[in-house]
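Down below is the structure, laid out as structure tokens.
Reminder, nothing fancy here: chain letters follow the sequence lines and each chain counts from 1. Not measured: the values here are computed from a predicted model.
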Amino acid sequence: MPHLDPHLLGPLIRWLHVAAMAGLLGGAILVWAIARSPRSPGAVGPDDPLLVAARAYEWLFWAALGALVMTGVGNLGAFGPALPGRETAWGGALAVKLAAVGAFTLVSLVRTLLVAGLGAARPAALSAAHRRLLRGGYAGTALAAAAVLAVAVSLAHGGGAR
Amino acid sequence: MSEPARDDRLLAWGLATFHAAGFVLLLVTLLHVAGGLGSALGSLNTVVGLGLYAVLWVTAWWAARQAVRGLRLAEPDRPIAGWELLGRGFLWGGVNGAVFWLVLLALLVIQSLAGGTTRDPVSLGLALVSFLVLFLGIGVGVAFAVGGLVGLLFATVDWTALALAHALWRAGAAGQWTEPAVPARAGEGDGHGSVS
């Protein structure tokens with residue numbers, strides 16, 4: 001089986017994990033900021049900057065989420081049999097994180113399907129209500145990602161007694 | 001590329017990654033709760049684990065694109081072809097399971113050939129026959145059935161998520177959740193004034 005120097009592989013996996021989270025969280029804040037800003041006159045339908053940004057973010061979001069799950073499992077694998085069980089404080093926090101990521105992923109699917117629908121609907125113009133919905137959706141995405149990040153940082157720094 | 005095709009591609013990408021990541025998350029969570037996660041991950045080479053995940057991601061994307069092709073699921077002003085989605089979810093989930101199993105098998109064969117010590121033709125023949133019957137025949141069937149059931153489960157979730165997303169779109173199009181009206185300035189009559 002392929003064997004890479006763990007001194008190289010470990011930091012690479014952690015770097016990808018952090019970069020994916022940065023893209024996911026930073027992108028959500030950026031789209032939320034676009035949703036808050038006034039719309040340019042004439043920028044309607046598929047050319048609406050909010051819809052363009054939201055669609056681009058959804059592609060990035062799922063790439064980042066897939067990479068986060070892949071590298072997250074890789075990070076857990078580094079523990080091997082020494083991984084603390086769920087009965088420990090650390091293991092309990094990990095269970096909470098896994099459940100939170102699962103719920104976040106499920107809710108994010110609805111947001112992505114809504115954005116795809118907003119682009120595919122005829123006419124593809126965003127109503128004020130749609131804009132407000134997207135603004136709330138991306139604010140919620142950023143807050144949820146920040147909450148998961150807080151648990152992840154806590155786990156990375158010990159997260160209580162193992 | 002037409003607009004609906006572009007949005008169908010986004011839809012397939014989201015569904016596929018949701019399926020691959022959701023499946024792995026579910027497995028990891030169940031193993032952690034059951035207490036076997038550390039030993040399961042410890043027995044897996046990191047590079048192989050990352051590679052298998054990447055293979056699952058790619059095959060899930062391919063399968064999702066086949067499953068949603070022509071259904072126009074992204075269009076929220078059309079009824080969702082839910083039963084068709086369930087049927088295709090089972091079929092393409094099964095195909096995905098079988099393809100993933102074949103990739104896994106190919107890796108095992110390459111590994112055993114690379115580390116093989118026997119050159120006896122009879123032993124090699126017996127090994128080949130048992131490999132064909134057990135792993136290719138029965139294994140592909142089992143992988144198809146398991147993949148089909150997982151695909152059916154995810155198609156049910158997809159249908160529910162689509163129904164929710166379409167309901168949100170309809171409510172937005174009907175003007176629900178509109179904020180209190182702000183007097184429009186000159187040349188501004190598109191509802192933009194409600195954005196805070």
Side-chain angles (χ1 to χ4, degrees), chain A residues 1-4 6 9 13 36 38-39 41 44 46 55 58-59 62-63 65-66 68-71 73-74 76-86 91 94-95 98-99 101-102 105-106 108-122 124 127-133 135, chain B residues 3-4 6-8 10-11 13-15 17-18 20-22 24-26 28-29 32-33 35 37-39 41-42 44-51 53-54 57 72 74-77 111 157-158 161-162 164-166 168-169 171-179 187 190-192 194-196:
Chain A
M1 283 294 165
H3 179 76
L4 288 181
L9 189 61
I13 290 175
R36 278 182 59 84
R39 188 174 59 193
V44 294
R55 197 184 285 115
E58 296 305 331
W59 279 95
W62 289 103
L65 189 110
L68 278 167
V69 172
M70 178 168 72
T71 53
V73 176
L76 291 177
F79 284 94
L83 185 78
R86 70 180 166 87
L94 176 63
L98 289 171
V101 172
T105 306
L106 193 56
S108 294
L109 180 66
V110 178
R111 188 201 60 235
T112 301
L113 297 177
L114 174 66
V115 170
L118 286 167
R122 291 293 168 267
S127 70
H130 285 144
R131 297 179 74 83
R132 189 178 178 197
L133 187 58
R135 201 164 68 226
Chain B
E3 303 293 326
R6 181 194 57 196
D7 290 298
D8 277 335
L10 171 60
L11 179 137
W13 170 240
L15 290 179
T17 311
F18 170 69
V24 171
L25 265 176
L26 196 63
V28 166
T29 306
H32 182 55
V33 170
L37 181 61
S39 52
L41 290 177
L44 189 64
N45 177 296
T46 305
V47 176
V48 173
L50 295 177
Y53 183 91
W57 200 355
R72 299 169 72 178
E75 296 173 41
D77 39 4
Q111 186 192 20
V157 178
D158 298 345
L162 269 167
L164 266 172
H166 288 193
L168 287 171
W169 178 84
Q176 291 179 24
W177 311 302
T178 42
E179 293 161 340
D190 57 1
H192 161 60
S194 66
V195 177
S196 59

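Chain A forms the most heavy-atom pairs under 4.5 Å with one residue out of Ala20(B), Gly38(B), Gly42(B), and that residue is Gly38(B). Chosen from Val33(B), Val157(B), Leu26(B), the residue pairing most often with chain A at heavy-atom distances under 4.5 Å is Val33(B). Interface check for chain B: of the options Pro81(A), Ala116(A), Ala82(A), the most heavy-atom pairs under 4.5 Å are formed by Ala116(A).
Using a 4.5 Å cut-off between heavy atoms, Thr29(B) touches chain A through backbone and side chain atoms alike. Both the backbone and the side chain of Ala63(A) come within less than 4.5 Å of a heavy atom in chain B. Both the backbone and the side chain of Leu162(B) have a heavy atom closer than 4.5 Å to some heavy atom of chain A. The part of Val24(B) that comes within reach of chain A is its side chain, from C-beta onward, which places non-hydrogen atoms under 4.5 angstrom from that chain. In this structure, chain B has a heavy atom under 4.5 Å from the side chain of Ile13(A), while its backbone stays farther away.
Side-chain contact between Leu15(B) and Thr112(A): absent, with no pair of heavy atoms (C-beta onward) separated by less than 4.5 Å. Side-chain atoms of Tyr53(B) and Val69(A), non-hydrogen and from C-beta on, do get closer than 4.5 Å to each other.
The structure places CG of Leu98(A) at 6.5 Å from NE2 of His32(B), a figure rounded to the nearest 0.5 Å. For the atom pair CG of Leu76(A) and OG1 of Thr46(B), the computed distance is 11.0 Å after rounding to the nearest 0.5 Å. Once rounded to the nearest 0.5 Å, the distance linking CG of Leu118(A) with CH2 of Trp169(B) reads 8.5 Å.
Among the candidates Leu25(B), Leu50(B), Leu44(B), Val28(B), the single residue satisfying the side chain to side chain contact (heavy atoms under 4.5 Å, CB included) test with Val73(A) is Val28(B). Among Asp158(B), Leu11(B), Leu164(B), the one residue that satisfies the side chain to side chain contact (heavy atoms under 4.5 Å, CB included) test with Leu113(A) is Leu11(B).
Across every non-hydrogen atom of Thr105(A) and Phe18(B), the tightest pair is CG2-CD1, 3.6 Å. Residues Leu109(A) and Ala161(B) approach most closely at CD2-CB, 3.8 Å, considering heavy atoms. Taking every heavy atom of both residues into account, Trp62(A) and Trp13(B) meet most closely at CB-NE1, 3.6 Å. Of all the heavy atoms in Ser127(A) and Gly172(B), the pair that sits closest is OG-O, 3.0 Å. Ala173(B) and His130(A) get closest at one heavy-atom pair: N-NE2, 3.2 Å. Closest of all the heavy-atom pairs between Arg6(B) and Gly119(A) is NH2-O, 4.4 Å.
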